Amino acid sequence: MRTKHLMAMAILLIAGNFTLNASAQTHIEALVKKCESMESVDMNVIRNRNRETKKLERSITTVIIKDNEALVNEFIAAFKADEGDVIQVIENKSSGKLMPSQYIFEGVHYHFFMKDKANATVSEIITSRKKRDLSYVNEELLKLDMQKIEFDAQKMARDLEQNTLK
């Protein structure tokens with residue numbers, strides 16, 4: 001009888017651990033899924049498979065939000081809601097507020113880049129790799145950082161042009 005109870009407890013603990021890992025980023029993941037059906041949101045999905053096993057090794061989903069302040073705010077709230085389960089958080093201060101930048105969960109990495117109040121980019125990188133090899137993430141982040149630098153340079157040029165016209 002006691003053995004059955006111990007086995008039941010062990011099964012519950014193991015099942016609970018899988019459930020906890022599977023639902024670590026539920027708010028962010030739900031918003032990414034919601035965006036798949038929205039016509040006002042642009043998306044880019046890249047899937048890499050192992051040549052030999054044909055198993056999915058990595059999936060990169062990029063959500064581009066244009067002129068939708070409410071959706072940008074939903075993503076910010078989702079990042080804050082899922083923050084308790086994150087392995088690593090990187091936030092940047094923008095306009096006096098700390099904003100999500102990178103959230104790393106086990107097997108899933110999110111990058112959030114807010115251009116302004118109504119425009120943002122969210123990247124979701126899912127990997128099936130067992131090791132914590134994040135070199136592929138660094139390549140993607142470098143591309144995203146270059147886009148941010150280019151956007152900032154364009155914005156500075158516009159601001160400078162507007163100030164010289166006045």
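All heavy atoms count here, side chains included; hydrogens, waters and symmetry mates do not. These figures come from a predicted structure and were not determined experimentally.
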Can you find a pair of side-chain heavy atoms, one from [X] and one from [Y], that are under 4.5 Å apart?
{"X": "Ile60", "Y": "Arg58", "answer": "yes"}
{"X": "Cys35", "Y": "Leu71", "answer": "yes"}
{"X": "Val41", "Y": "Glu39", "answer": "no"}
{"X": "Glu91", "Y": "Ser101", "answer": "no"}

Could you tell me which non-hydrogen atom of [X] sits nearest to which non-hydrogen atom of [Y], and how far apart they are?
{"X": "Gln102", "Y": "His111", "answer": "CG-CD2, 3.4 Å"}
{"X": "Asn119", "Y": "Lys66", "answer": "OD1-CA, 3.1 Å"}
{"X": "Met43", "Y": "Val32", "answer": "CE-O, 4.2 Å"}
{"X": "Lys93", "Y": "Leu98", "answer": "N-CD2, 4.0 Å"}

Inspect the surroundings of NZ in Lys80 and state if more than 12 heavy atoms from other residues, nucleotides or ligands are less than 6.0 Å away. yes
Counterpart residues, side-chain contact (heavy atoms from CB on, under 4.5 Å), relative to Ile76 (two or more places apart): Val72, Asn73, Met99, Pro100, Phe112, Met114
In Å, rounded to the nearest 0.5 Å, how long is the span from [atom1] of [X] to [atom2] of [Y]?
{"X": "Thr121", "Y": "Ile64", "atom1": "OG1", "atom2": "CD1", "answer": "5.5 Å"}
{"X": "Phe75", "Y": "Leu31", "atom1": "CZ", "atom2": "CG", "answer": "4.5 Å"}
{"X": "His109", "Y": "Ile125", "atom1": "NE2", "atom2": "CD1", "answer": "6.0 Å"}
{"X": "Thr26", "Y": "Asp85", "atom1": "OG1", "atom2": "CG", "answer": "7.5 Å"}
{"X": "Glu74", "Y": "Asn68", "atom1": "CD", "atom2": "CG", "answer": "8.0 Å"}
{"X": "Glu29", "Y": "Thr61", "atom1": "CD", "atom2": "OG1", "answer": "10.0 Å"}

Checking side-chain polar atoms at under 3.5 Å, does Tyr103 have a donor or acceptor matched by the opposite partner on Glu83? yes
Side chains of Asn48 and Glu57: any donor to acceptor distance under 3.5 Å? no
Is there a path from Ile65 to Met38 through hydrophobic residues (I, L, V, M, F, W, Y) whose side chains come within less than 4.5 Å of each other? yes
Please tell me whether Val89 and Phe79 are part of a single hydrophobic cluster in this structure, the criterion being side-chain heavy atoms less than 4.5 Å apart. yes
Would the distance check show the side chain of Asp82 and the main-chain N or O of His27 forming a donor-acceptor pair, the cut-off being under 3.5 Å? yes
Is Asn44 reaching over with its side chain to a backbone N or O of Thr62, donor-acceptor style, under 3.5 angstrom? no
Please walk me through it: do Glu124 and Lys33 pass salt bridge (Lys or Arg N to Asp or Glu O under 4.0 Å)? CA-CA 11 Å; Glu124 174 189 61; Lys33 294 287 182 209; over 6 Å; no
